[in-house]
Amino acid sequence: MAEETELRYNPAAIEPKWQDRWAADPSFYAAEPATCGKPKYYVIEMLPYPSGQLHMGHVRNYSIGDALARHMWMLGYNVLHPMGWDAFGLPAENAALKNNTPPREWTLGNIAQMKTQMQRLGLGYDWATEVATCLPDYYRWNQWFFLRMYEKGLVYRKKSKVNWCPECATVLANEQVVNGCCWRHDDTLVDQRDLEQWFLRITEYADELLDGLDKLDGWPEKVRIMQRNWIGRSEGTEVDFFLEEINQGSEGQGLGTREEGLERQRIRVFTTRVDTIFGATSVQLAPQHELVAKFTAVDAALKAQVDELLDQQKKAREAGDLGAIEKHGVPTGRFAINPYNGARVPIWVANYILADYGTGAIMSVPGHDERDFEFANKYNLPVVQVIQPVQNEDGAKLPFCSEDGVLVNSGEYDGMSCADAEKKLQEIATAKGFGEAKTTYRLKDWGISRQRYWGTPIPMINCPSCGLRAVPNNQLPVVLPGKIEITQQGGSPLSRVPEFVNTTCPNCGQDALRETDTMDTFIDSSWYFYRYTDAKNSSAPFEPAKAQYWFPIDQYIGGVEHAILHLIYSRFWTKVMRDLGLIKNDEPARRLFTQGMVIKDGAKMSKSKGNVVSPDDMVGRYGADATRMYALFAAPPDRDLDWQEDGVAGVSRFLGRVWRLVTKHSATARNAPMLLSKTQEGEAQKLLRKLHQTIAKITLDFEGRWHFNTCVAAIMELVNELQAADAQLTSGEVPPAVVRELLRNLVLMLAPFAPFLSAELWEELGEQGAVLRAPWPKSDPELAKDDEIEIPVQINGKLASVVRVPAGSDAKVIEAAALADEKVQARAAGKSIAKVIVVPGRAVNLVVK
RNA sequence: GCGGAAGUGGUGAAAUGGCAAACACACCAGCCUUAGGAGCUGGCGCCGAAAGGCUUGCGGGUUCAAGUCCCGCCUUCCGCACCA
């Protein structure tokens with residue numbers, strides 16, 4: 001070995017050798033059985049979409065996860081570190097259109113390609129648990145879960161307004177609409193269409209999803225806040241205003257007229273401030289409100305005006321700024337009656353009322369709401385004060401929106417606090433049947449139907465006689481037909497495959513039709529990490545005992561862009577699986593880490609900007625170790641990282657220095673005995689001290705703070721010192737046993753960051769077995785201890801000098817040393833020392849006058 | 001508007017309240033060489049010839065001592081945005 005060793009570090013020679021070894025020895029990374037007696041550690045990075053090419057964001061993400069996994073291996077944990085493919089989705093269909101390649105072939109080809117890239121990077125995955133969501137082995141369990149949810153009433157079908165991306169030719173979930181545009185096409189506006197859709201009742205879990213966030217203290221606060229806002233729980237009251245009766249004879253077509261025995265027409269509004277209801281001076285309806293359609297049906301002039309409001313909303317949405325729309329409204333000429341006091345207020349239609357929040361109707365209280373105030377001023381609606389602030393006398397200034405006040409102009413409720421009044425008014429509404437306390441959410445049920453081919457078929461059958469029927473369990477999976485012609489035209493491609501569509505009813509056996517929509521791909525990623533624990537199971541999604549052993553995930557790592565999509569869906573799925581009795585954990589992941597973006601020249605890498613750096617290119621030129629290590633060294637992992645190729649070259653040069661250092665002295669180390677004595681002479685002692693200080697620092701940074709950049713910097717410092725002592729290492733002044741100790745530990749510490757080089761040098765040092773199976777070094781505090789330390793001496797807080805004292809000196813010794821210092825004496829000359837502050841081991845400060 | 005994160009050399013960055021700029025990149029000077037995207041030595045915040053002084057977005061404050069803690073502001077990035 002030594003003879004063949006190249007003088008120069010050549011990753012192109014080292015890396016393929018280990019790639020081959022690792023590929024031929026899959027057990028190398030495989031998780032050990034749960035009975036191994038070691039504590040478990042489950043770390044995963046978010047699975048990628050198999051586009052065919054890794055990008056630098058992946059490299060960073062996986063370098064972090066792999067460093068962590070390797071570190072945990074060396075600490076003796078039973079580590080599960082799997083990888084999979086989020087393999088369904090539209091790009092496969094687009095590729096099919098463009099290159100006439102079947103989606104399945106295209107996807108599997110991309111997976112193979114990216115897997116090769118990962119192996120080239122030396123990422124230590126347990127490929128035995130690999131999951132590809134586009135394979136029937138996997139997606140059959142999506143169907144299975146769908147049916148279990150259907151049985152539990154968590155799945156329903158309804159016709160509703162849905163988000164439609166014309167580019168994708170499919171429906172999008174609310175979470176997939178960003179600024180009114182498609183999350184995949186940020187310049188394509190989302191339309192609203194009326195479609196029959198399958199929904200999952202995620203709102204059933206809204207409270208638990210929200211409350212659970214408080215317990216997720218291993219998650220970034222930012223993500224928790226984003227989820228909290230997304231769920232948007234709001235506690236308030238729903239109240240019915242009565243529609244005023246209109247005289248018989250006006251062509252009201254019964255609308256609003258009180259017919260004998262029929263309840264009066266009501267307009268239900270949602271408010272969080274029912275205590276201000278005596279200040280309501282109008283009722284505002286969203287233009288889409290069903291009552292508006294009834295009004296406009298008999299009033300062409302009104303219809304024209306409402307259409308204009310709708311148009312304004314549309315334009316604002318197109319401009320991507322619904323929030324900035326100027327408030328416009330039109331009076332309907334109708335009136336509503338406040339159920340509490342019988343007050344008669346006009347009904348308006350306004351463009352700032354959201355149809356899909358609350359009831360799509362509000363009571364307008366200009367005295368105590370900013371927006372209502374603005375609106376009322378514009379249209380000269382009365383402003384009535386019904387809350388008197390408690391705090392200041394300046395209560396005349398409206399709108400007053402705080403709840404810190406008492407009711408006025410509110411009849412019998414005058415003098416009550418806002419909180420008391422709310423409670424009381426809710427009780428009355430409930431008792432009299434015109435309202436109730438109500439909690440509203442911004443979160444909507446999850447619309448999962450997609451009019452696409454490359455996804456999980458929804459396992460339902462429509463029978464002309466029996467109606468909708470679930471596919472029986474023993475007929476799962478409903479397999480995607482392989483042969484299909486993908487065309488540009490909209491609609492579900494599966495509906496054009498008669499062999500797929502035509503089936504028989506599981507109930508009556510008659511001819512029936514299959515559902516031809518497929519599932520949102522976020523379903524695939526909602527539970528994939530459970531499948532990793534039992535990826536080959538063909539009779540269940542996974543064995544509960546296996547999932548129970550590994551869950552919750554100890555560390556989940558990915559981009560913050562999934563803060564509300566994937567991360568809320570997968571929390572939901574976990575809770576559903578728990579309620580199905582499959583698992584015991586409430587949350588999927590104990591800790592979540594969101595790494596920063598990889599940018600170049602201050603901008604996000606993108607093809608259009610032409611600033612994309614290819615991982616293959618980096619690996620080709622500098623090797624996988626240098627590429628990975630740079631990704632960890634250039635910035636702390638939570639910050640954005642500016643990719644600078646010179647930096648990669650720098651890391652590569654560093655690895656070259658390590659290579660030369662270790663190979664130069666490896667023979668000495670190989671033939672050396674174990675280091676037994678802690679007491680060494682001069683340079684040897686100094687180097688051992690640096691070594692143990694480095695181990696301490698890097699262990700702390702790794703386990704405590706996740707600052708991989710300072711870990712790498714610490715190793716660089718150690719190497720710099722070793723290099724500076726090259727002569728002593730060569731001459732034998734530093735004993736071989738110490739050389740061995742130094743180099744061994746250096747290689748061990750490099751293992752999470754530069755796996756190829758470490759494996760190679762480990763072998764070069766004559767060590768048996770994999771470096772990953774070697775224990776992580778332990779810092780010996782005795783060896784790490786300095787015998788002399790420098791103490792800064794300040795005069796009035798300004799640095800005056802630095803004195804050297806023996807480590808562990810007490811305050812008296814340090815003070816004496818400081819006062820004896822020449823520079824200190826010169827500065828303090830002629831002044832009296834008022835006070836001396838000594839912080840042993842830290843600093844001295846003289847207060848002089 | 002609301003919420004979050006961040007502002008430190010030419011650049012990426014480092015610093016349990018205790019010597020600001022570790023570790024790198026770039027640059028400069030020199031050395032070496034079978035000329036490489038190699039290696040080695042030294043320099044490198046700002047002002048100053050030096051002694052020395054100044055320096056962590058701005059302004060206050062707490063403290064013997066502040067990049068770090070507190071208050072007020074400015075800027076940038078990210079998320080949300082008429083949610084009644």
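Lettering of chains follows the sequences in order, A, B, ..., and the numbering in each one begins at 1.
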Side chain A:T271, main chain A:R273, donor-acceptor under 3.5 Å: yes

Expected output: side-chain A:R224 to main-chain A:L213 donor-acceptor under 3.5 Å: yes

Does [N] have OP1 or OP2 under 4.0 Å away from a side-chain N or O of [X]?
X	N	value
A:S234	B:A84	yes
A:R639	B:A14	yes
A:N720	B:A22	no
A:Y357	B:A84	yes
A:K798	B:C54	yes
A:R653	B:C25	yes

5' precedence on RNA chain B between A:Y441 and A:V839 (nearest-nucleotide basis): A:V839

Most 5' of A:A355 and A:Q723 on RNA chain B, judged by nearest nucleotide: A:Q723

What does [X] touch in the nucleic acid at a heavy-atom separation under 4.0 angstrom: a base, only the sugar-phosphate, or nothing?
X	result
A:I791	nothing
A:I225	sugar-phosphate
A:A634	sugar-phosphate
A:Y622	base

Are more than 12 heavy atoms from other residues, nucleotides or ligands located less than 6.0 Å from atom [atom1] of [X]?
X	atom1	value
A:E308	CD	no
A:K444	NZ	yes
A:E788	CD	yes

Take atom [atom1] of [X] and atom [atom2] of [N], then tell me their distance rounded to the nearest Å.
X	N	atom1	atom2	result
A:D638	B:C78	CG	C1'	14 Å
A:I568	B:G79	CD1	P	17 Å
A:F753	B:C23	CZ	C1'	13 Å

Polar contact flag, side-chain donor to acceptor under 3.5 angstrom, [X]-[Y]:
X	Y	result
A:Q693	A:D786	yes
A:T237	A:Q426	yes
A:Q227	A:R571	yes
A:Y630	A:D625	no
A:Q313	A:Q288	yes

Residue of the set A:K327, A:H328, A:Q312 for which side-chain hydrogen bond (donor to acceptor under 3.5 Å, both in side chains) holds with A:N351: A:Q312

Nucleotide nearest A:R442 (side chain, heavy atoms from C-beta), chosen from B:A24, B:A81, B:A22: B:A81

Minimum-distance nucleotide to A:P636 side chain [options: B:C40, B:A14, B:A81]: B:A14

Side chain proximity check, A:M363 to A:F241, heavy atoms < 4.5 angstrom: yes

Range-with-range stems of RNA chain B (Watson-Crick or G-U pairs under 3.5 Å, three or more in a row): B:1-7 with B:74-80, B:10-12 with B:23-25, B:27-31 with B:39-43, B:45-47 with B:52-54, B:57-61 with B:69-73

Separation between the C1' atoms of B:U62 and B:U11, rounded to whole Å: 35 Å

Interface with RNA chain B, restricted to residues 701-712 of chain A and to heavy atoms under 4.0 Å: A:R705, A:N709, A:T710

Nucleic acid contacts - residues 640-647 of chain A versus RNA chain B, non-hydrogen atoms under 4.0 Å: A:D640, A:Q644, A:E645, A:D646

A:R442 to A:W230 six-membered ring, cation-pi geometry met (6.0 Å, 45°): yes

Donor/acceptor link under 3.5 angstrom from A:Q794 side chain onto base of B:G18: yes

